[in-house]
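Working notes, beginning with the structure itself.
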Amino acid sequence: MAKKLLLIDGNSVAFRAFFALHNQLERFVNPDGLHTNAIYGFNTMLDHMIKAVEPTDMLVAFDAGKTTFRTAMYDNYKGGRAKTPSEFSEQMPYIKQLLDAYGIKHYELKDYEADDIIGTLAGQADQAGYTTTVVTGDRDLTQLTTEHTTVAVTVKGVSEVERYTPAHVEEKLGITPAQIIDMKGLTGDTSDNYPGVTKVGEKTALKLLKQYGTMEGIYENIDAMKQSKMKEHLIEDREQAAQAKVLATIKRDAPIDVQLTDLTYAGPDLDQLAAFYQTMDFQSFLKKLHLQSDEPATPIDYTVLTKDNLAELQQLTDHVDFYLEMPTPNYHTSAFAGFAIGADGHWYISRNVELLMQPTVADLLSSTTIAKDVFDMKRTTVGLNRLGIQLGKVDFDLLLVSYLLDTNDNSNDLGSLAEQHGYTDLPSDETVYGKGVKRAIPEDDDVFFSHLARKLAAIADLKPQLLKELAANEQDQLYDDIEKPMANVLAQMEIAGITVDSSRLKAMGSQFTERLSEIEQTIYQEAGEEFNINSPKQLGHILFEEMKLPVIKKTKTGYSTAVDVLEKLAPEAPIVANILQYRQISKIQSTYVVGLLDAIHSTDQKVHTRYLQTLTQTGRLSSVDPNLQNIPVRLEEGRKIRQAFVPSHEGWQIFSSDYSQIELRVLAHITNDENMQAAFKAGDDIHAATAMRIFHLNSAEEVTPNIRRQAKAVNFGIVYGISDYGLSQNIGITRKQARSFIDAYFKEYPGVKKYMDEIVQTAKEQGYVETISHRRRYLPDINSKSFNQRSFAERTAMNTPIQGSAADIIKIAMIKMQDKLQAAGLKATMLLQVHDELIFEAPKEEIPVLEKLVPSVMDSAVQLAVPLKVESHYGDTWYDTK
DNA sequence: AGAGTCACG
DNA sequence: ACGTACGTGACTCTA
């Protein structure tokens with residue numbers, strides 16, 4: 001049989017696992033007080049790789065301590081690294097125990113790193129005709145790839161890897177695996193703390209290698225290179241580079257005393273593994289083990305609910321678990337497949353949702369004293385509403401709570417989510433219902449009913465644990481006072497829907513169709529041939545190969561034809577302007593005319609979006625099916641789409657209020673910057689005020705529109721976690737100028753500077769950032785080795801509290817708003833939310849009331865250190881609210 | 001299914 | 001030196 005060898009870089013993968021589950025650090029503690037997150041993550045990765053590779057032979061290599069031949073050669077090697085957390089080191093011996101139970105050989109060698117052991121064995125395996133897979137978190141190991149050796153580098157979480165073959169290395173970097181060491185030699189390695197050639201980074205290195213092949217090749221030709229700073233650096237740092245290359249080179253001949261033939265993998269010792277899992281308190285792995293040993297899944301008890309036993313439900317007087325199954329995601333239109341109801345292990349199931357309308361059940365559900373525990377209360381509320389039933393008091397919503405605990409837990413599948421929280425008695429819907437075209441509700445009653453019963457059991461079982469975690473995070477208020485009431489408000493808005501004038505849309509559509517075919521003909525003439533303008537590939541061919549226009553930007557797959565590129569090309573050829581025009585109209589046509597028409601419900605001429613309440617990483621909502629949060633407004637052409645959004649009654653109007661600069665006001669609040677707060681308190685135009693400060697102007701007259709525009713861009717940039725490059729691109733200035741703008745900004749608003757530094761520091765220490773309402777976002781990459789990932793996490797750390805707090809504020813306003821509308825007995829209805837804007841419909845005569853009420857509710861939603869400002873507009877259509 | 005593009009805050 | 005602004009969803013083409 002063909003030999004398949006799996007080699008694992010033990011330290012690297014364990015470290016990766018530790019940080020991937022860092023946000024769960026305190027949940028992974030066994031009864032002895034040992035942290036187990038790295039062990040758990042390592043095990044997950046192990047299972048995943050064994051399943052994917054099906055190895056006949058395996059070995060896990062470890063580093064053998066601090067000093068190696070590399071430290072002997074260069075004493076700063078891996079110097080200056082942050083100390084390994086003790087929570088991590090304490091787990092290492094147990095990872096080795098785990099491997100023993102798995103029957104996997106592990107090995108370490110004094111004076112050598114795990115890399116060298118792997119390199120040596122991979123080389124031997126290649127000779128012996130094995131197929132080898134190397135698993136590591138360290139990209140440098142890609143130098144080992146050959147035709148028979150694949151290197152799988154962990155990218156995200158614990159089980160996602162990127163597989164490097166020689167072809168993949170070539171494709172990503174444009175060099176061969178053997179040239180990786182030349183590249184490292186030139187660039188050095190910050191995380192291992194050795195330098196290469198000054199000012200030479202990956203890009204320069206790759207360019208040089210493509211030209212000269214190897215580091216030696218570069219130096220052989222160095223004299224012929226034209227004079228430049230780079231040449232000087234190359235000459236000066238020659239020795240350093242040579243040393244770096246040696247440091248980066250993985251040994252292929254380490255003096256190992258294991259033989260390839262010793263590595264046979266025969267599978268785990270199940271008893272030993274079970275005992276290990278018991279000590280570690282790994283319930284889910286224990287479960288899997290039992291499944292493997294062919295023990296039947298524990299059956300679950302349930303009762304089929306019928307008209308005859310309905311009365312039994314009257315015993316439920318304290319709390320009720322409830323789940324309504326709708327097979328498709330859109331609960332406004334989905335069929336009903338069945339439901340489950342019960343409490344304390346007594347589960348009643350039926351496919352017949354008409355039973356829900358029986359008073360016994362309906363009263364239970366709509367009761368405001370008997371609390372319901374559910375999964376996705378908004379979905380449940382809308383679904384029940386279609387059956388004429390109100391969902392009353394909800395105590396626990398597993399979906400909402402999981403999202404608040406960790407915004408990454410945003411799967412909509414109850415089974416997957418439960419598993420995330422260590423509950424393994426519930427398979428995913430995909431497992432039970434199938435996926436894709438094969439997805440269907442099981443015909444077998446027992447299969448389906450058991451699944452529904454297990455859903456209730458999961459909700460009931462996880463409730464105490466999750467509520468405890470919520471309290472520990474100080475998120476009780478966020479849950480009780482914001483997200484739960486929010487779910488109800490959103491359900492009402494979704495049910496209300498907004499009326500769309502389809503004849504208006506259709507009229508616009510035929511105009512667009514006509515214009516499109518005209519432009520299309522012009523483009524074909526200018527191109528000299530017909531092609532698909534919607535295909536970036538074909539368009540790129542025409543523009544850059546046939547017409548030979550200059551290439552400004554490339555994408556992964558070819559030439560970029562994005563707007564910013566085309567705008568630069570417009571002066572070169574008239575076809576470009578026509579393409580831009582075509583793109584603009586075709587976007588409006590496909591997404592907003594045709595797309596919107598498709599979404600109109602024929603029953604009421606309305607669109608009913610769904611707001612996703614548990615998706616975004618910041619706490620904002622998102623809107624789907626259709627997305628009503630990105631209806632065109634910036635360009636007049638598209639803005640006209642808004643004329644199709646009309647009130648649902650004769651004599652009514654559309655009314656809208658929006659927060660003005662809410663994110664900058666939040667910024668002024670949380671940074672406590674005196675200068676920025678003063679500007680808002682004085683009611684100044686903040687962009688003009690910023691302009692005067694950073695450009696040192698003395699009077700408001702000196703703020704020209706262009707200067708104000710630049711200051712506005714800087715303000716935005718700050719909110720996004722600015723970089724000089726990003727700002728320079730945005731407003732078309734040099735990087736140096738952008739840098740000086742930013743420096744001036746921080747000097748003028750020192751509180752902002754201080755906040756930005758502190759929030760990044762806080763994120764690095766605690767692993768997450770928070771909004772004013774204790775909404776939390778974990779940033780696992782904040783301490784990443786990769787500059788890119790780390791920088792991204794740092795910008796996120798700066799932006800999330802701002803964007804997220806603004807989201808908190810409008811949510812609070814919406815909840816208060818809904819109450820006020822009801823209390824005032826108004827007919828006005830809240831229809832839409834677009835991040836900083838609320839849209840209503842109301843009888844004309846209520847407009848004056850709304851003009852006072854809405855802004856007052858919005859600006860007093862929370863008390864900040866600066867005032868909140870709200871602007872209102874109204875008219876006959878959404879278009880007219882300007 | 002993923003990439004490219006473009007609509008919004 | 002590194003490679004770049006934060007958060008979304010829908011449509012079209014192409015593998």
Side-chain angles (χ1 to χ4, degrees), chain A residues 186-191 195-205 233 407 436 532-540 553 555-566 580 583-584 586-592 594-596 598-599 609-612 615-635 637-639 641 658-659 661-663 713-714 716-731 735 738 742 777 785-792 794-804 806-807 810 833-837:
Chain A
L186 291 167
T187 61
D189 187 320
T190 6
S191 72
V197 177
T198 313
K199 297 268 181 203
V200 172
E202 194 170 300
K203 282 225 161 145
T204 318
H233 290 311
T407 47
N532 187 344
I533 308 170
N534 286 319
S535 160
K537 194 178 165 192
Q538 294 180 35
L539 180 60
K553 203 166 72 179
T555 66
K556 277 185 202 171
T557 50
Y559 310 107
S560 169
T561 64
V563 235
D564 55 319
V565 173
L566 295 190
L580 284 166
R583 282 251 180 93
Q584 198 194 100
S586 117
K587 171 85 180 181
I588 302 172
Q589 176 77 319
S590 64
T591 306
Y592 299 105
V594 179
L596 209 51
D598 275 348
T609 187
R610 281 177 298 132
Y611 289 104
L612 306 187
L615 181 134
T616 69
Q617 296 298 312
T618 54
R620 274 192 176 181
L621 302 173
S622 89
S623 159
V624 293
D625 250 2
N627 180 356
L628 295 181
Q629 290 182 320
N630 71 347
I631 303 300
V633 66
R634 289 171 197 172
L635 300 173
E637 291 268 50
R639 190 175 200 152
I641 291 289
D658 63 284
Y659 283 112
Q661 291 128 11
I662 188 167
E663 292 195 347
V714 180
F716 270 100
I718 294 291
V719 170
Y720 294 151
I722 203 157
S723 76
D724 50 10
Y725 178 86
L727 182 64
S728 72
Q729 287 295 300
N730 194 292
I731 52 179
R735 210 168 147 161
I742 296 167
R777 178 177 188 174
K785 263 177 77 164
S786 145
F787 175 86
N788 261 340
Q789 294 193 355
R790 191 176 62 247
S791 306
F792 187 54
E794 288 171 359
R795 292 197 294 273
T796 316
M798 299 185 238
N799 174 264
T800 296
I802 302 167
Q803 188 182 119
I810 194 163
Q833 187 251 42
V834 192
H835 310 304
D836 61 358
E837 180 185 9

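This is a predicted model, so every value here is computed, not measured. Chain letters run A, B, ... following the sequence lines, proteins first, then strands; residues in each count from 1.
Closest-nucleotide positions on DNA chain C for A:N532 and A:F716 were compared, and the one nearer the 5' end corresponds to A:F716. Of the two residues contacting DNA chain C, namely A:R735 and A:D625, the nearest-nucleotide position lying further toward the 5' end is that of A:R735.
On the P atoms, B:dA3 is 15 Å away from C:dT4, given to the nearest whole Å. Comparing B:dC6 with C:dG3, their C1' atoms sit 23 Å apart, to the nearest whole Å. Using atom P as the reference point in both C:dC2 and B:dA7, the two lie 33 Å apart (nearest Å).
Looking at A:E637 and A:R583, no side-chain N of the basic residue comes within less than 4.0 Å of a carboxylate O on the acidic one, giving no salt bridge.
Paired regions of DNA chain C, where each region holds three or more successive Watson-Crick or G-U pairs whose two hydrogen-bonding distances fall under 3.5 Å, are B:1-9 with C:6-14.
A straight line from CG of A:L539 to P of C:dT12 spans 16 Å, rounded to a whole angstrom.
An OP1 or OP2 oxygen of C:dT12 is reached within less than 4.0 angstrom by no side-chain nitrogen or oxygen of A:K537. Taking side-chain N and O atoms only, A:Q538 has a distance below 4.0 Å to OP1 or OP2 of C:dT14. Residue A:N534 places none of its side-chain N or O atoms closer than 4.0 Å to OP1 or OP2 of C:dC11.
For A:S622 against C:dT8, a side-chain-to-base donor-acceptor contact under 3.5 Å is absent.
A:Y611 is linked by a ring pair (Phe, Tyr, Trp, His ring centres under 6.0 Å) to nothing, counting only residues two or more places apart in sequence or in another chain.
Comparing C:dT8, C:dA5, C:dC6 by their nearest atom to the side chain of A:I722 picks out C:dA5.
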Scoring nucleotides 2-9 of chain B by protein non-hydrogen atoms under 4.0 Å (B base, S sugar-phosphate only, - none) yields -SSSBBBB
